[in-house]
Amino acid sequence: MDDGKKIRVMAAIMRASHFEWRRAALAMAPELDPMELVMRFWSEVGDDTARFYAGKIDPSKDAAEQVARLVVSSSLAMGEDAQYLGASEDGRHLVAHNDCPWYHWHRKEGLLAEDQAGCDHWLETTLEGVNKALGIRLRFETVETLPCGAKRCLRKFWIEESED
């Protein structure tokens with residue numbers, strides 16, 4: 001098996017494990033709210049991602065662009081069809097996910113409500129950690145999503161200027 005196929009298989013196993021973990025956790029603790037459980041999972045992932053991203057960002061360059069590109073790199077490594085689209089006229093950096101295995105898994109499992117919510121929560125947590133580590137005010141906005149019927153997920157990233 002070539003390395004590319006190994007990576008694709010491992011990414012599929014990782015996604016399957018998420019849903020297996022979710023079922024097991026809720027079976028062991030049925031009183032848990034499924035959405036709260038999943039958001040806690042994405043908070044943990046976001047905390048780890050923030051530490052990784054913060055170590056990769058060059059503070060002398062545009063942090064919003066760097067994070068947008070890191071999101072794309074992370075997504076590509078997990079088998080998602082993602083691309084950095086550049087900066088919009090207002091200077092916000094655009095990231096598109098043209099397809100995403102997480103979306104297909106959530107749809108297949110009947111958990112589509114957790115797809116965008118989980119992705120957005122991962123990004124919120126990631127950016128909170130990056131902001132704290134670097135002393136900046138990085139923000140994002142979700143503009144379009146596959147779960148809402150769009151042909152892609154589209155997000156904008158920017159640094160919010162201090163009001164001081």
Side-chain angles (χ1 to χ4, degrees), residues 1-22 34-35 38-39 41-58 61-131 136-160:
M1 183 183 307
D2 68 31
D3 289 344
K5 182 161 182 146
K6 287 178 188 175
I7 290 170
R8 287 188 298 279
V9 168
M10 287 304 299
I13 290 169
M14 188 256 330
R15 271 186 281 285
S17 294
H18 168 79
F19 293 98
E20 294 157 349
W21 160 83
R22 182 191 181 282
M35 189 64 89
V38 169
M39 293 306 108
F41 169 82
W42 288 114
S43 289
E44 292 291 331
V45 175
D47 289 342
D48 289 343
T49 305
R51 283 189 291 278
F52 175 75
Y53 283 8
K56 296 288 184 187
I57 293 171
D58 178 346
K61 297 180 180 170
D62 186 337
E65 178 179 354
Q66 291 176 78
V67 167
R69 289 182 182 277
L70 285 165
V71 167
V72 169
S73 294
S74 298
S75 297
L76 293 173
M78 291 187 292
E80 300 164 19
D81 178 1
Q83 65 187 119
Y84 173 70
L85 299 177
S88 60
E89 288 181 14
D90 61 1
R92 295 178 180 200
H93 297 275
L94 304 172
V95 170
H97 284 81
N98 301 307
D99 198 15
C100 179
W102 284 105
Y103 164 70
H104 296 291
W105 273 89
H106 280 102
R107 189 178 64 199
K108 179 178 81 170
E109 295 289 325
L111 300 169
L112 213 45
E114 292 178 9
D115 187 61
Q116 178 185 342
C119 212
D120 284 348
H121 192 68
W122 166 72
L123 280 168
E124 288 166 8
T125 306
T126 298
L127 297 189
E128 284 173 15
V130 169
N131 287 341
I136 58 177
R137 296 171 56 136
L138 185 58
R139 301 289 185 251
F140 84 98
E141 175 188 9
T142 299
V143 180
E144 302 172 7
T145 67
L146 292 163
C148 290
K151 294 184 190 232
R152 65 184 181 179
C153 292
L154 180 66
R155 290 184 172 84
K156 297 179 178 183
F157 296 84
W158 70 95
I159 300 290
E160 187 174 271

Gap separating the CG atom of Leu123 from the CD atom of Gln116, nearest 0.5 angstrom: 10.5 Å
Spatial distance of atom CD1 (Ile159) from atom CG (Asp62) [nearest 0.5 Å]: 6.5 Å
Side-chain heavy atoms of Lys61 within contact of Gln66, under 4.5 Å: yes
Trp102-His18 aromatic ring centre distance below 6.0 Å: yes
Distance, nearest 0.5 Å, that separates CG of Leu112 from NE2 of His104: 10.5 Å
Shortest non-hydrogen contact between Arg139 and Asn131, atoms and distance: NH1-ND2, 3.4 Å
Lys/Arg N to Asp/Glu carboxylate O, Glu109 vs Arg22, below 4.0 Å: no
Within-4.5 Å side-chain heavy-atom neighbours: Phe52 and Asp48: no
Partner set under side chain to side chain donor-acceptor pair (under 3.5 Å) for Glu20, not counting sequence neighbours: none
CE/Met10: more than 12 non-hydrogen atoms of other groups inside 6.0 Å: no
Below 3.5 Å, can you tabulate the donor-acceptor pairs from side chains in residues 68-80 to any protein atom, sequence neighbours excluded?
residue: Arg69; atom: NE; partner: Glu65; partner atom: OE2; Å: 2.9
residue: Arg69; atom: NH2; partner: Glu65; partner atom: OE2; Å: 3.2
residue: Ser73; atom: OG; partner: Arg69; partner atom: O; Å: 3.1
residue: Ser74; atom: OG; partner: Tyr53; partner atom: OH; Å: 2.8
residue: Ser74; atom: OG; partner: Leu70; partner atom: O; Å: 3.0
residue: Ser75; atom: OG; partner: Val71; partner atom: O; Å: 2.8
residue: Ser75; atom: OG; partner: Glu80; partner atom: OE1; Å: 3.0
residue: Ser75; atom: OG; partner: His97; partner atom: NE2; Å: 2.7
residue: Glu80; atom: OE1; partner: His97; partner atom: NE2; Å: 3.4

Exercise: identify the closest heavy-atom pair between Ala64 and Trp158: CB-CA, 3.6 Å
Residues in side chain to side chain donor-acceptor pair (under 3.5 Å) contact with His106, at least two apart in sequence or another chain: Asp115
Straight-line distance of Met14 CE to Phe19 CZ, nearest 0.5 Å: 10.0 Å
Closest approach of Thr125 to Ser43 (non-hydrogen atoms, all atoms of both residues): CG2-O, 3.3 Å
Heavy-atom closest pair, residues Phe140 and Leu127: CD2-CD1, 3.5 Å
From CD (Glu141) to CG (Leu94), nearest 0.5 Å: 10.0 Å
OG1-CG distance between Thr126 and Asp47, expressed to the nearest 0.5 angstrom: 8.0 Å
